[in-house]
There are 2 protein chains.
Amino acid sequence: MPKKATAQETALKSVRKMLASGKLKPGQQIIQDALASRLGVSRVPVREALKTLQAEGRVIHDPHRGYFVAELNAEDLSEIYHLRSILEDEAIRIGVPKATPADVVAIKGFHDEGLAAAAKGDVNQMATLNRKFHMAIYRLCNEERLITMIENLWDSLDAYRVLFLTDSSNRERTNDDHAQMIQAVKQKDVKESLKIQSAHREHALKTIKHLLSAFAQTD
Amino acid sequence: MPKKATAQETALKSVRKMLASGKLKPGQQIIQDALASRLGVSRVPVREALKTLQAEGRVIHDPHRGYFVAELNAEDLSEIYHLRSILEDEAIRIGVPKATPADVVAIKGFHDEGLAAAAKGDVNQMATLNRKFHMAIYRLCNEERLITMIENLWDSLDAYRVLFLTDSSNRERTNDDHAQMIQAVKQKDVKESLKIQSAHREHALKTIKHLLSAFAQTD
DNA sequence: CAGTCAAACTTTGTATAAAAAGTTTTTATT
DNA sequence: AATAAAAACTTTTTATACAAAGTTTGACTG
């Protein structure tokens with residue numbers, strides 16, 4: 001049986017979910033007491049969960065003032081996407097040549113599930129599967145630390161990803177790109193994989209920046 | 001005036017120092033109570049400091065068993081050096097072309113101080129200045145997140161760096177490499193900078209791996 | 001004598017409460 | 001009415017205490 005998780009572990013999971021779903025919004029203060037009683041635990045494990053998120057850059061800690069959900073400006077977004085391109089390109093260079101037919105089937109599986117979610121209009125599920133799809137490709141490189149870093153970067157963008165997938169044209173484009181990507185991986189074509197991924201990212205960055213500046217005006 | 005640090009902040013600093021100096025050794029359990037009374041604080045802020053280090057991968061947390069100093073095997077070392085090369089190369093590509101004469105003077109300053117420390121045989125001071133030297137170069141890229149990631153990777157290697165600098169031939173070689181590097185940066189020669197840095201890292205990795213396997217036999 | 005169980009012990013995990021810092025509101029003064 | 005000081009309030013930070021889990025020791029059993 002899976003042994004019981006500690007309060008801090010469940011707290012961390014919950015807060016991650018709240019960040020991803022937008023229940024906690026960028027810039028917002030996280031009142032420890034409110035969060036703790038919401039989760040039915042004391043403030044101590046909540047604080048430990050927040051410390052982890054702070055180290056990952058997802059929340060900002062201002063001593064004696066508290067924890068705030070990290071806010072990304074256009075420059076931050078550029079930096080994160082830049083880091084993603086550096087690390088993801090490397091993961092592809094190492095991993096794609098090693099892709100087995102079974103790997104391709106697994107990757108295609110996530111794509112197919114994603115299409116189903118898209119048909120049902122379940123944006124949250126789409127986001128989850130989109131991530132699984134891409135991470136399955138990066139995981140081919142088999143370098144644990146590299147993979148973890150890429151995951152952290154994706155985490156930082158969680159709050160902004162929902163924004164992106166809200167637009168149906170983005171959803172369509174995403175699915176098209178994925179289909180192309182599967183072909184490239186299947187053929188172990190590193191160069192083509194890099195090209196598709198890069199275009200995919202650039203489009204997302206541009207769109208999110210655009211949405212962000214539109215959003216900023218209404219503040 | 002600089003406002004008073006919180007207990008968790010001072011605890012974090014202290015533990016970092018203990019990890020870097022080898023007072024806390026890889027694999028060793030960190031007894032929270034002992035550490036807390038040593039630092040004159042309660043266990044709560046100590047645990048928060050450890051959470052941060054856990055997120056950075058410098059300690060391992062095993063629920064209900066405790067925190068242990070992270071141990072790196074040969075594979076971990078390879079991965080970390082691999083990540084370093086990816087990120088540091090990028091920092092050089094972006095930063096070196098932007099180096100101003102003032103930057104070069106500052107970088108050379110760390111090198112000169114390092115030579116002085118070497119003459120005095122102060123290995124700890126050498127390690128500190130070695131790091132300042134390299135980070136000053138990486139900082140030229142001006143990408144905050146990229147720099148932070150590189151710093152984290154250097155942190156992970158702290159416990160093993162002392163090992164490396166204990167050998168006088170490594171210290172000499174390090175100083176020679178630095179002198180060459182300063183020339184390359186001064187001339188804004190990206191290609192040459194990359195070459196020197198890469199050789200520098202490869203040498204260190206090989207040496208540390210060698211020392212590690214020699215060390216493992218005595219366990 | 002090896003293996004298992006239970007009690008004693010150690011260490012971690014979390015709740016609670018008190019202390020410290022920061023923020024807001026109120027009151028007093030010019 | 002505007003500003004400054006102080007009081008009230010909120011929230012964070014840390015110490016303490018208790019609960020829970022893991023480890024060790026030693027007695028008992030086959």
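In what follows, every heavy atom counts, from backbone to side chain, and hydrogens, waters and symmetry copies are set aside. Numbers restart at 1 for each chain; the letters A, B, ... are given by sequence-line order, proteins then strands.
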Upstream residue (5' side of DNA chain C) when A:P45 and B:D33 are each assigned their closest nucleotide: B:D33

Among C:dA21, C:dG13, D:dT14, the nucleotide that comes nearest once only the side chain of B:R47 is considered: C:dG13

Taking only the side-chain nitrogens and oxygens of B:R65, find out if one of them lies under 4.0 Å from OP1 or OP2 of D:dA21. no

Residue-phosphate contact under 4.0 Å: A:H61 side-chain N/O, D:dT13 OP1/OP2: yes

Mind calculating the distance between CZ (B:F68) and P (D:dG22) to the nearest angstrom? 12 Å

Interatomic distance where CD belongs to A:E9 and P belongs to C:dT14 [whole Å]: 8 Å

Is B:Q32 touching bases, backbone alone, or none of the nucleic acid, heavy atoms closer than 4.0 Å? sugar-phosphate

Test: A:E151 and A:R139 ion pair at under 4.0 Å: yes

Do A:Y67 and A:Q32 pair up side chain to side chain, a donor and an acceptor below 3.5 Å, judged on atom types alone? no

Nearest-neighbour nucleotide for the B:Q8 side chain, D:dA21, C:dT14, D:dT13 considered: D:dT13

Separation of B:R43 atom CZ from C:dT11 atom P, in whole Å? 11 Å

Nucleotide nearest A:V44 (side chain, heavy atoms from C-beta), chosen from C:dA15, C:dT12, D:dT14: C:dA15

Taking CD1 from B:I31 and P from C:dT11, how many angstroms apart are they, rounded to a whole number? 5 Å

So, taking the atom named CG in B:L50 and the one named CD in B:Q8, what distance separates them when rounded to the nearest 0.5 Å? 11.5 Å

Between C:dT12 atom C1' and B:L35 atom CG, what is the distance in whole Å? 14 Å

Proximal nucleotide (of D:dT14, D:dT11, D:dG22) relative to the B:S42 side chain: D:dT14

With no hydrogens and no angle check, do the side chains of B:H82 and A:E90 hold a donor and an acceptor under 3.5 Å apart? yes

Nearest-angstrom distance from the residue atom NE2 of B:H64 to P of D:dT23: 11 Å

Can you see if the side chain of B:K4 gets near the phosphate of C:dA20 - specifically, an N or O under 4.0 Å from OP1 or OP2? no

Please work out if A:Q29 contacts a base, only the sugar-phosphate, or nothing of the nucleic acid, heavy-atom cut-off 4.0 Å. sugar-phosphate

Separation of D:dT14 atom C1' from A:E48 atom CD, nearest Å, is 13 Å

By the 4.0 Å heavy-atom rule, please label B:L50 as base, sugar-phosphate, or nothing. nothing

With sequence neighbours excluded, give me every salt bridge (Lys or Arg N to Asp or Glu O under 4.0 Å) pair touching residues 110-130 of chain A. A:K108-A:D112

Can you tell which of D:dA21, C:dG13, D:dT13 lies closest to the side chain of A:Y67? D:dT13

